[in-house]
Amino acid sequence: MARHVVLVPGDGIGPEISAATRHVVDALGVGIEWEILEAGEKVAEKYGTLLPKYVLDAIAMAGCALKGPITTPVGKGLPSANVALRKALDLYANLRPVLRLPGIEAPFPPIDLVLVRENTEDLYSGIEHVVAPGVVESIKVITRKASTRIARFAFEHARKTGRKLVTAIHKADIMKKSDGLFLDSIRSVAKDYPEIRYEEFLVDRACMQLVSHPTRFDVLLMENLFGDILSDLCAGLVGGLGVCPGANIGEKGAVFEPVHGSAPDIAGKGIANPTAMFLSAALMLDYLGSLSEGNRLREAIKKVLSGPQEKLTSDLGGKATTDQFADAVAAAL
């Protein structure tokens, strides 16, 4: 049965890796019906936003989207399209698998972690105001509802995938009320999963452990800001953002995306590495119930990465273009 998926190519290298991903997914024969819609810098001037309402409406209707990177202005300009998308569709859970792939140089032995990040509140609530000249206040929002449901998501994911440990990351020694509420909510949920071990780490201690003994962790559960920071840190343990997928999941739909930026410096050159978007597509196939196809795609990626170097993109030491790498993965299927 055909599945309707919205494809948002995005900015920079987004259109190139999106086209490559579409080619590879179509080669699986899962019958995806793609609806391609533009968001980001291309439409910002016309609509006054990086994320037009028609894109939101289409994703809400389809219930599933695959998205390329969208540029987020730093310190000025339009609000982040990624944050707006998560809020508008209540995509409260950010899922970031971190897996050491064959053929990828990394400083640690095989790592297999999952980061679960609350996506809708914390300092990313965007509540800021000027208190006095030269003084700005940002409000951190933590609620029991959001903390409980992200905890439930993390423990359910651990149970479904056979993982045995959930570690909550916090700073409750300083932010006693906000992070205290976060931890209290998780503890209540953890009681319903006696087969899964639960522990708590201060975020600073967790950072030290992640860069010294990362294999001790299994599922990391975090508020929005800590999740944003630590997910990129963990990506560095396995070769960088270019090999890490991401999923934003809510009760009524999900959006899947690579976690790297739009890389405007190499846009249009045909040399971008599409691995992260391929892996994001594999997560999408899992979500759609096509588990065997998602695993086939992952195995094909691993086969190409561990094969002849000339089939790899330049960031991996090869000379292949984005399309040539995609062709190799499609052939490996």
Side-chain angles (χ1 to χ4, degrees), residues 80 82-98 113-128 137-161 163-207 209-210 216-234 246-257 259 283 287:
S80 165
N82 296 325
V83 173
L85 182 62
R86 295 163 190 169
K87 286 186 177 181
L89 300 179
D90 198 25
L91 306 175
Y92 68 90
N94 179 244
L95 183 69
R96 293 272 293 265
V98 176
L113 306 176
V114 173
L115 292 94
V116 176
R117 165 189 170 193
E118 203 290 317
N119 237 355
T120 65
E121 53 181 30
D122 192 14
L123 283 168
Y124 285 50
S125 299
I127 305 172
E128 295 186 312
E137 187 174 64
S138 295
I139 307 298
K140 174 173 179 170
V141 177
I142 300 293
T143 66
R144 185 174 296 278
K145 175 184 176 181
S147 299
T148 299
R149 71 177 179 176
I150 195 62
R152 184 75 60 187
F153 180 93
F155 278 93
E156 282 293 325
H157 182 80
R159 174 178 282 176
K160 182 173 66 175
T161 55
R163 294 181 179 269
K164 301 301 182 184
L165 171 65
V166 172
T167 305
I169 308 298
H170 66 94
K171 194 62 179 170
D173 57 336
I174 303 299
M175 292 172 281
K176 300 181 186 298
K177 293 188 180 297
S178 58
D179 283 32
L181 176 59
F182 181 68
L183 291 180
D184 184 62
S185 302
I186 300 171
R187 290 166 188 162
S188 297
V189 171
K191 296 176 183 178
D192 296 334
Y193 301 85
E195 78 278 17
I196 299 172
R197 191 159 62 90
Y198 170 66
E199 64 180 6
E200 299 169 358
F201 266 56
L202 287 166
V203 64
D204 39 353
R205 180 186 173 211
C207 288
Q209 289 292 320
L210 280 167
R216 74 163 311 284
F217 294 106
D218 196 0
V219 177
L220 300 178
L221 173 57
M222 292 155 288
E223 301 165 2
N224 210 336
L225 178 61
F226 296 155
D228 194 4
I229 296 169
L230 290 189
S231 56
D232 282 16
L233 183 155
C234 289
N248 300 286
I249 302 172
E251 294 177 0
K252 297 181 179 180
V255 175
F256 301 85
E257 60 184 349
V259 301
L283 286 178
Y287 176 80

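A pairwise comparison of heavy atoms in A172 and L183 identifies CB-CD1, 3.8 Å as the closest pair. The shortest heavy-atom contact between K140 and D179 is NZ-OD1, 2.6 Å. Taking both residues in full, the closest heavy atoms of A154 and V166 are given as O-CG2, 4.5 Å, listed atom of the first, atom of the second, then distance. Taking both residues in full, the closest heavy atoms of A247 and L283 are given as CB-CD1, 4.2 Å, listed atom of the first, atom of the second, then distance. In plain terms, the two heavy atoms of Y287 and I249 that are nearest each other are CE1-CG2, 4.3 Å. The two residues E128 and S138 come nearest to each other via the heavy atoms OE2-OG, 2.7 Å.
In this structure, Q209 CD and R216 CZ are separated by 6.0 Å, a value rounded to the nearest 0.5 Å. The distance from atom CG of L181 to atom OG1 of T148, rounded to the nearest 0.5 Å, is 7.5 Å. Of the inter-residue distances, the one linking N248 atom CG with N82 atom CG reads 7.5 Å to the nearest 0.5 angstrom. Separating the CE atom in M222 from the CD atom in E118 is a distance of 11.5 Å, to the nearest 0.5 Å. Taking CD1 from I139 and OG from S178, the interatomic distance works out to 11.5 Å, rounded to the nearest 0.5 Å. Between the NZ atom of K160 and the CD atom of E156 there is a distance of 8.5 Å, given to the nearest 0.5 Å.
Counting only distance, with no hydrogens or angles, the side chain of D218 and the backbone of R163 share no donor-acceptor pair below 3.5 Å. Remark: side-chain polar atoms of E121 are paired, donor with acceptor, to backbone N or O of T143 under 3.5 angstrom. Judged by distance alone, the side chain of N224 and the main-chain N or O of N119 form a donor-acceptor pair under 3.5 Å.
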Apply side-chain contact (heavy atoms from CB on, under 4.5 Å) to residues S231 and V259 and explain how you reach the verdict.
CA-CA 9 Å; S231 56; V259 301; over 6 Å; no
Let me see the working for I142 and S147 under side-chain contact (heavy atoms from CB on, under 4.5 Å), right down to the final yes or no.
CA-CA 7 Å; I142 300 293; S147 299; 3.6 Å; yes
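Between L95 and V116, the closest side-chain pair of non-hydrogen atoms falls below 4.5 Å. In this structure the side chain of D90 never reaches within 4.5 angstrom of the side chain of K252, judged on heavy atoms. Using a 4.5 Å heavy-atom cutoff, the side chains of L113 and L210 are in contact.
With salt bridges taken as basic N to acidic carboxylate O contacts below 4.0 Å, none links E223 and K171. Under the 4.0 Å criterion applied to side-chain N and carboxylate O atoms, R205 and D173 are not assigned as salt-bridge partners. Taking 4.0 Å as the cut-off between side-chain N and carboxylate O, R86 and E257 count as a salt-bridged pair.
Here ring-ring contact (aromatic ring centres under 6.0 Å, His included) pairs that include residues 168-207, with residues two or more places apart or in two chains, are F155-Y193, F201-F217. Every pair passing salt bridge (Lys or Arg N to Asp or Glu O under 4.0 Å) that includes a residue from residues 224-233 is listed here, sequence neighbours excluded: R96-D232, R117-D228.
Paired with V141 under the rule side chain to side chain contact (heavy atoms under 4.5 Å, CB included), one option of D122, L123, I127 passes, and it is I127.
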